[in-house]
Structures are given as C-alpha cells and as structure tokens.
Amino acid sequence: MTASPPGSGRGVMRAVTFGRTGEPADVLELARVPVPLPGPGRVRVRITLRPVNPSDLLFVRGRYGRRPEPPSPVGFEAAGVVDACGSGVGLAPGTRVAVDAPGTWQDYVVASPDDLVPLPDDVTDEAGCQLTVNPATAVLLVRELAARPGQWLVQTAGASAVARMVTRLAVSGGVRCLNVVRDDRHRDDLAALGAETVAGPPETITEQVARYTGDRGAAAVLDAVGGSAGSAAARCLSPGGRLLVYGMMSGDPLTLDPDDLVFRDIEVRGFWLPERLRRLDAPARADLTATVLDGARSGALVSPVEARYGLADFAEALRHADRPGRTGKILLTA
Ligand SMILES: NC(=O)c1ccc[n+]([C@@H]2O[C@H](COP(=O)([O-])OP(=O)(O)OC[C@H]3O[C@@H](n4cnc5c(N)ncnc54)[C@H](OP(=O)(O)O)[C@@H]3O)[C@@H](O)[C@H]2O)c1
C-alpha cells in the first residue's frame, strides 16, 4: 500500500518507525500514520528516494548524536517533490528537492524550507537523495584537514561513500591517499580513484602504511571505524599529524597511546556534520550547497548505487546494507 492522496492532509501514509531502541532488524516496523499537515512556514514533501546511511542505523540503536524519542520515524535525508506548503512559503508544488530532515523513511515529511535544496534538472534523484549528508561531510573534512600536495592521508572504512568522495577531492589536490579496508575487494575501484589500498588484519595496518609513507608517516588520518583499525591507523601519523574522527563503524573504542599524543604532538578532533553546519553563517552554507551541487553534477560527490528496494521491503534493504564489501549505496524507493 502507498499513501492515500493527501488532499486535506487527512490520508494515511507508510512510515518506518521504532518503538524502542535496538538492532534495526529487531525493532523497525512499517506503520500507518496520518499524512502530516504543513503548518505556517513549513513544507510537505512527498519522498521519492532515500539512502540507507550508517547514521540512520546508529539512531535506531540509540547511539547517534540525536537521541530518539520512540515511537520515532527513521531517516535523515531524501529526494522528493514539494507537495503542499503552509502559509508564507514560496516554493511551488512539484519542485524537486533534496531533504535534510528527520523521518525520511516515510511517504511524506514536513520540513522547513531551510532544510530543502531545490534540485536542478541536471542533478538526478539518485544523487539528490544523498546530497545533504555525505558530500557536505567530505567537503568539510577535506577543508579541515588542509593536507598539502604530496602528503599522505590515511582513511579507515576506506571504501565507504564518504571515503571515496574524500579520495576524489584529496587526490585532485595532489594529496596521496591510503585507504584502509577490511579486505581486498575494493582495490581496483580505489586504484581507479587514485588511492592505494591497505587491506588485512588491523595489527598489520601500521606496518603496511609505513611501507608507503616511510619515516615521514601520514599527515592526517580520517577514522570512521574506531576499535583496533582506527587505533592502528592513528599510530601511522607523523609528528604534528591530525586525527579526525567522524564515525564509529566497529562500535568499539579507540585506543590512543598518550606517549604518542604528547611526544609526537598529535592532534585529535571529532567531526559531526550537524554541529559543523550550525556554526556556518548563511553565505558559507550557500557556498557549501553550491559546491555539493557542483560535485553532484561532475560525479565527484556522488556515490554509486548497489541496489534499490521499495520502502515496504526495508528489512531486506537493511540486510543488504549490512553485507561486507558493498560497492555502492542501498536506496529505498517509494
Ligand atoms: N560525523 C559525521 O557528520 C558523518 C557524516 C556522514 C557520514 N559519517 C560516517 O561516515 C562513515 C561512512 O558513511 P557512508 O555513508 O559513507 O558509509 P557506506 O557507504 O554505507 O559504507 C560503510 C563502510 O563501512 C565499512 N564498515 C562497516 N562495518 C565496518 C567495521 N566493523 N569495520 C570496518 N569497516 C566497516 C564498510 O566496509 P566494507 O566495504 O568492508 O563492507 C563500508 O565501506 C560512517 O561511519 C558514517 O556514520 C559521519
């Protein structure tokens, strides 16, 4: 069943929701809820496509930076079409938009116009539904690292969508990329982006990286894994190097040797996109949006898609998203 025609907003729609935090496969369910009405200054968007992102799953597990208040819908980004507007909103119904708002694993979402990016004709729904999280993250991570041409950047979860985008940006700036992955399957893909691949057990990472960087070490490490892989990557830094932590795929803590931090002057910092966006003024945000749209057009900030599932088949989509060695995103269609 898809949503009833909204009309006055009294129809029902499908929503993937959870009543308690836990493993997504155990706690998510397809519910029927009223189609929301857009109040003054708000916009209702009919969602056409959304990705399965690691942050969606962390949120359901209660391990994300935003705490859920169950029963809660899922999903933080999407592509869709403006369907109805509250008073004072100038967006025309029918406008294609990227959505940066909670609850995108539903048929409809009500959002602020500030949470929407109108999509130009040359940006597909496939790129648009993944526009607001990973591309912006990749651009800001690369800016923050400010690695210089010839320096080495080590990334864990090195075949993720973010890591591939970072790789394209970094390589185009002359930075040398070493991407740490769980196995060798991604080697050819990453070579095509201009990155060297480091694969194998975490205890071999530091030594493998040193074969490339020699005594210099890496100027920067981007860690999205934590645990033994993230800790090993951190040990690859050169004196004065920077560790930027932006994910927690393993769910395990990082172990950082205080001797390393103190005597080798290592800088460690966390990165969370919502917090970074909050600190940007309006012109800087507009500039970031323009950069991300350019990256969507050029392909530099687009992730390939491995499979699409209907919203009602979200459980199958989750199983697929969890498979090691994916080469692209899993999307949920209407
Ligand atoms: N801090 C922020 O603001 C922010 C914003 C966006 C994304 N992120 C984070 O960025 C990371 C990547 O996101 P994405 O959307 O690009 O991911 P993605 O394309 O869905 O890919 C996930 C990657 O994680 C790897 N992975 C999964 N479990 C792992 C484990 N236990 N150990 C090592 N690697 C593991 C997978 O490796 P295989 O290829 O081996 O399967 C895959 O390459 C996530 O941690 C996400 O939360 C953070």
Side-chain angles (χ1 to χ4, degrees), residues 24 50-61 63-66 75-77 100 126-127 129-145 154-169 179-190 193 195 197-203 205 221-233 243-254 269-280 288 292 301-307 317-332:
R50 51 302 241 179
V52 177
N53 282 331
S55 54
D56 303 324
L57 310 180
L58 282 175
F59 181 65
V60 178
R61 293 184 182 115
R63 293 199 62 181
Y64 190 58
R66 291 176 184 148
F76 292 121
E77 68 173 340
D100 175 17
E126 196 168 288
C129 80
Q130 318 175 44
L131 193 79
T132 63
V133 177
N134 285 342
T137 298
V139 169
L140 294 179
L141 287 173
V142 170
R143 281 186 194 163
E144 174 148 350
L145 287 177
V154 173
Q155 297 185 73
T156 60
S160 73
V162 172
R164 288 167 193 256
M165 292 174 194
V166 165
T167 302
R168 288 192 197 97
L169 297 174
N179 292 28
V180 178
V181 296
R182 288 190 285 191
D183 66 48
D184 232 13
R185 267 175 288 194
H186 300 296
R187 189 176 290 274
D188 290 350
D189 268 11
L190 294 175
L193 299 180
T197 295
V198 169
E203 55 276 17
I205 290 173
V221 169
L222 278 178
D223 179 42
V225 172
S228 51
S231 307
L243 168 63
L244 200 46
V245 180
Y246 72 102
M248 55 230 47
M249 291 306 302
S250 72
D252 297 327
L254 278 172
R269 191 163 182 200
F271 175 102
W272 189 36
L273 181 66
E275 182 55 25
R276 297 307 172 98
L277 292 178
R278 199 183 57 77
R279 290 184 217 159
L280 295 182
L288 181 61
V292 156
L301 297 178
V302 176
S303 173
V305 171
E306 183 161 298
L318 290 178
R319 281 193 290 278
H320 192 158
D322 204 31
R323 273 185 220 156
R326 266 191 298 111
T327 54
K329 279 286 172 192
I330 306 304
L331 303 186
L332 292 167

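We're numbering straight along the sequence, starting at 1. Remember, it's 1-based here, ligands and their atoms both numbered in the order they're listed.
Across all their heavy atoms, Phe271 and Glu144 have their closest contact at CD1-OE1, 4.2 Å. In terms of heavy atoms, Pro51 sits closest to Leu331 at CA-CD2, 3.7 Å. Considering all non-hydrogen atoms of both residues, Gly226 and Leu254 come closest at CA-CD2, 3.7 Å. Residues Arg185 and Pro324 share a closest heavy-atom pair of NH1-O, 3.7 Å. Here the closest heavy-atom approach between residue Leu145 and residue Leu222 is recorded as CD1-CG, 3.6 Å.
When each atom of ligand 1 is checked for a heavy atom of Val133 under 4.0 Å away, the hits are 6 (C). Near Ala224, meaning under 4.0 Å from any of its heavy atoms, are these atoms of ligand 1: 11 (C), 45 (O). Residue-ligand proximity, Gly325 to ligand 1, at heavy-atom distances under 4.0 Å covers atoms 38 (P), 39 (O), 40 (O), 41 (O). Listed by atom number, the atoms of ligand 1 under 4.0 Å from Leu273 heavy atoms are 2 (C), 3 (O). In the vicinity of Ala159, heavy-atom distances shorter than 4.0 Å reach the ligand 1 atoms 43 (O). Using a 4.0 Å cut-off to heavy atoms of Val225, the atoms of ligand 1 that qualify are 32 (N), 33 (C), 34 (N). Applying the 4.0 Å criterion to heavy atoms of Pro324 picks out, from ligand 1, the atoms 41 (O).
Remark: minimum distance from atom 39 (O) of ligand 1 to any protein heavy atom is reached at His186 NE2, 2.6 Å. From the protein, the heavy atom lying nearest to atom 25 (C) of ligand 1 is Ala157 CB, 4.1 Å. Given atom 29 (C) of ligand 1, the protein heavy atom at minimum distance is Arg182 NH1, 3.3 Å. Nearest non-hydrogen protein atom to atom 23 (C) of ligand 1 is Ser160 CB, 3.7 Å. Looking from atom 19 (O) of ligand 1 to the surrounding protein, the closest heavy atom is Ala161 N, 2.9 Å. The nearest protein atom to atom 6 (C) of ligand 1, hydrogens excluded, is given as Asn134 OD1, 3.2 Å; this is a heavy-atom distance. Considering only non-hydrogen protein atoms, atom 13 (O) of ligand 1 sits nearest to Pro54 CG, 3.7 Å. Among all protein heavy atoms, the one lying closest to atom 45 (O) of ligand 1 is Met249 SD, 3.2 Å.
Tyr246 does not carry Arg276 over the face of its six-membered ring by the limits of under 6.0 Å from the centre and within 45° of the normal.
Ile330 has its side chain within reach of Glu306: a pair of non-hydrogen atoms, C-beta onward, lies under 4.5 Å apart. Here the side chains of Cys129 and Lys329 are not in contact, with every heavy-atom distance at 4.5 Å or above. Under the 4.5 Å side-chain criterion, counting only non-hydrogen atoms from C-beta, Thr197 is not in contact with His186. By the 4.5 Å heavy-atom criterion applied to side chains, Thr137 and Met165 are not counted as neighbours. Proximity of Leu190 to Val181: side-chain heavy atoms (C-beta onward) are separated by under 4.5 Å at one or more points.
Contacts with ligand 1 closer than 4.0 Å are made by heavy atoms of both the backbone and the side chain of Val162. Under 4.0 Å from ligand 1, not a single heavy atom of Arg185 appears. With a heavy-atom cut-off of 4.0 Å, Thr137 touches ligand 1 through its side chain alone. Here Asp183 has no heavy atoms under 4.0 Å from ligand 1, in either its backbone or its side chain.
Looking at Trp272, Tyr64, Tyr246, Phe271, it is Tyr246 that brings a heavy atom closest to atom 8 (N) of ligand 1. The closest non-hydrogen atom to atom 31 (N) of ligand 1, taken over Ser250, Ser303, Pro274, comes from Ser250.
Heavy atoms of Lys329 come nearer than 4.0 angstrom to ligand 1 in at least one pair. Using 4.0 Å as the threshold, Ala229 has no heavy atom nearer than that to any atom of ligand 1. The shortest separation from a heavy atom of Glu275 to ligand 1 is not under 4.0 Å, leaving the residue out of contact.
Within a 6.0 Å sphere centred on CZ of Arg66, other residues, nucleotides and ligands contribute more than 12 heavy atoms.
Remark: ligand 1 and Gly247 share no N or O pair separated by less than 3.5 Å (distance only, no angle test).
Residues Ser303 and Asn134 bring no donor and acceptor atom of their side chains to less than 3.5 Å of each other.
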| task | Could you walk me through whether Trp272 and Arg278 pass side-chain contact (heavy atoms from CB on, under 4.5 Å), step by step? | result | CA-CA 10 Å; Trp272 189 36; Arg278 199 183 57 77; over 6 Å; no
task = Show your working on side chain to side chain donor-acceptor pair (under 3.5 Å) between Asn179 and Thr167 and close with a plain yes or no.
result = CA-CA 8 Å; Asn179 292 28; Thr167 302; 3.0 Å; yes
